[in-house]
Protein chains: 2
Amino acid sequence: MTTREKLLESTADLLATEGLAGVSARSIAAHAGVNQALVFYHFGTVPELLEAAVRRSVDLAVASYRDRFSDVRSLGDLLALGQDLRRIERRRGNVAQMAQVMAGAQSSEALARAGWYAMQQWSGELEGVLARLLVGSPLEGVVSPAGLARAVAASTIGLELYGGVDEAGAGSALGSLRALASLVPATGGGGPEAG
Amino acid sequence: MTTREKLLESTADLLATEGLAGVSARSIAAHAGVNQALVFYHFGTVPELLEAAVRRSVDLAVASYRDRFSDVRSLGDLLALGQDLRRIERRRGNVAQMAQVMAGAQSSEALARAGWYAMQQWSGELEGVLARLLVGSPLEGVVSPAGLARAVAASTIGLELYGGVDEAGAGSALGSLRALASLVPATGGGGPEAG
DNA sequence: GTCTATACAGAGATAGAC
DNA sequence: GTCTATCTCTGTATAGAC
């Protein structure tokens, strides 16, 4: 593993576990077991390292689901995949990472770019599936696949943050969304937020 | 206006406009036009000041809607109120404030408490209305008012953060949620996320 | 309650030897 | 590419005069 890779990985780790406030050139370098000055040698500034780390996490994560996304044939399939995906990505810390980056977007151009990119990648993937599934469904023409995909992604971020301050509350929120999803007409379950 | 109040107000302002990273004892004091040491005299630590400021913002905001909440008689009414509320609170910066506090919950007990409290107040209010409205509706027994209220609140936080990195994307997401809401059975419009 | 002054830790970042 | 050393700034927090 190169120094660059160690730094990228450590940054992603720390961002997910400690939040933005716990991420500094010093903490990253310590966690990676490399010298602090190398952060600046390889990435210029800390926000740029953060951006690179998030892009890498997202690219890896999205790519790991590409086959499963293209196998989806029904809203039921999508629902099942969504549940899996949510569970796995939360454990990996990728959802928390995105939430932190988006919260920090106000104070850094690089973080804003990273947040934009991450949302773009995930919702782009989901949008492709939704576009296929909505053809011929009662929802066709009523909701746009692009908007729906983005709504699901944004709500996931919100639920992640909420879970950080009230786990039980977030659980009940998710339960209600699942219940609502089961009401989507003519699909037998599988609404958008159900994952 | 007392020094205490100036500090609370300035903290809320800065949190909404600059984000957590832009909030420090120095910046707050400068914005309030008071001496920096007074932050510690009145509130002990910076996170405690943040907590107090958020509680105050939330209490004031929620109280200002209490009458309108209790006037709601139909999902249509709720939808209209939700749109108003969302527009006004976003402009006031209260949504951004909550998003920042929840993102910082990882690094501070006080912020976690503040985030919990804010979500509790807003969803408690909404839950009361939903509990009334769901009686006799097709959704009664299918979704819990408590969970639904929390899902709406959490999604609002997520959309706020997303809007910070991609305004157009967040707009399309909101549009899709409105479209979905119009499909809620037997109500003629007025689903949960539509506000 | 408010002010000045200051201690001290940790942040980002760079210079220069290796 | 890597390491040591260091500069500078900004952050929290406190002591003590007023």
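Small disclaimer: the values here were computed from a predicted structure and weren't measured. Lettering follows sequence order; numbering is per chain, from 1.
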- Query: So which one's nearest nucleotide on DNA chain C is more toward 5', A/Val23 or B/Ala37?
  - Reply: B/Ala37
- The answer to which of A/Phe40 and B/Tyr41 contacts DNA chain C further toward the 5' end, by nearest nucleotide, is B/Tyr41
- Query: What parts of residues 3-18 of chain A reach DNA chain C, counting only heavy atoms under 4.0 Å away?
  - Reply: none
- The bend of the helix from C/dG1-D/dC18 to C/dC18-D/dG1, taken between the axes of its five terminal pairs at each end and rounded to 10°, is 0°
- For the side chain of B/Ala25, counting heavy atoms from C-beta on, which of C/dT2, C/dT14, D/dT12 is nearest? D/dT12
- OG on B/Ser57 to CG on B/Leu8, rounded to 0.5 Å: 8.5 Å
- In whole Å, what is the span from the CD1 atom of B/Ile28 to the C1' atom of D/dG11? 12 Å
- Euclidean distance, A/Glu127 CD relative to A/Leu134 CG, rounded to 0.5 Å: 10.5 Å
- Query: Separation of A/Asn35 atom CG from C/dC18 atom P, in whole Å?
  - Reply: 16 Å
- Query: Does some side-chain heavy atom of B/Phe43 sit less than 4.5 Å from a side-chain heavy atom of B/Arg4?
  - Reply: yes
- Task: Ignoring backbone atoms, test whether A/Ser24 places a side-chain nitrogen or oxygen under 4.0 Å from the OP1 or OP2 oxygen of C/dA11.
- Result: yes
- Query: Which residue, B/Asp59, B/Leu60, B/Val54, B/Val58, forms the side chain to side chain contact (heavy atoms under 4.5 Å, CB included) with B/Arg56?
  - Reply: B/Leu60
- What is the distance, rounded to the nearest whole Å, between atom CD of A/Glu48 and atom P of C/dG12? 13 Å
- Query: Judged by modelled atom types alone, do A/Tyr65 and A/Glu89 share a side-chain donor-acceptor pair under 3.5 Å?
  - Reply: yes
- Task: Kindly point out which of D/dT12, D/dC3, C/dA13 is positioned nearest to the side chain of B/Gln36?
- Result: D/dT12
- Message: Checking contacts here: which listed nucleotide (D/dA13, C/dG1, D/dT14) is nearest the side-chain heavy atoms of B/Thr45?
- Response: D/dA13
- Message: On the side chain of A/Arg26, is there an atom forming a donor-acceptor pair with the base of C/dG10 - under 3.5 Å, no angle test?
- Response: no
- Side chain of A/Val46 (C-beta onward), nearest among C/dA13, D/dC3, C/dC3: C/dA13
- Query: Please give, in whole Å, the distance from D/dT12 P to B/His42 NE2?
  - Reply: 17 Å
- Take atom CG of A/Leu20 and atom P of C/dG12, then tell me their distance rounded to the nearest Å. 11 Å
- Query: Is it the case that A/Thr45 and A/Glu48 place a side-chain donor and acceptor less than 3.5 Å from each other?
  - Reply: yes
- B/Leu38 CG to D/dT14 P: how many Å, rounded? 14 Å
- Query: Is there a side-chain contact between A/Ile88 and A/Asn94 (heavy atoms, below 4.5 Å)?
  - Reply: no
- Message: Assess, by modelled atom type and distance only, whether the side chains of B/Glu18 and A/Ser107 contain a donor and an acceptor separated by less than 3.5 Å.
- Response: no
- Message: Any heavy-atom pair between the side chains of B/Asp71 and B/Asp77 that's under 4.5 Å?
- Response: no
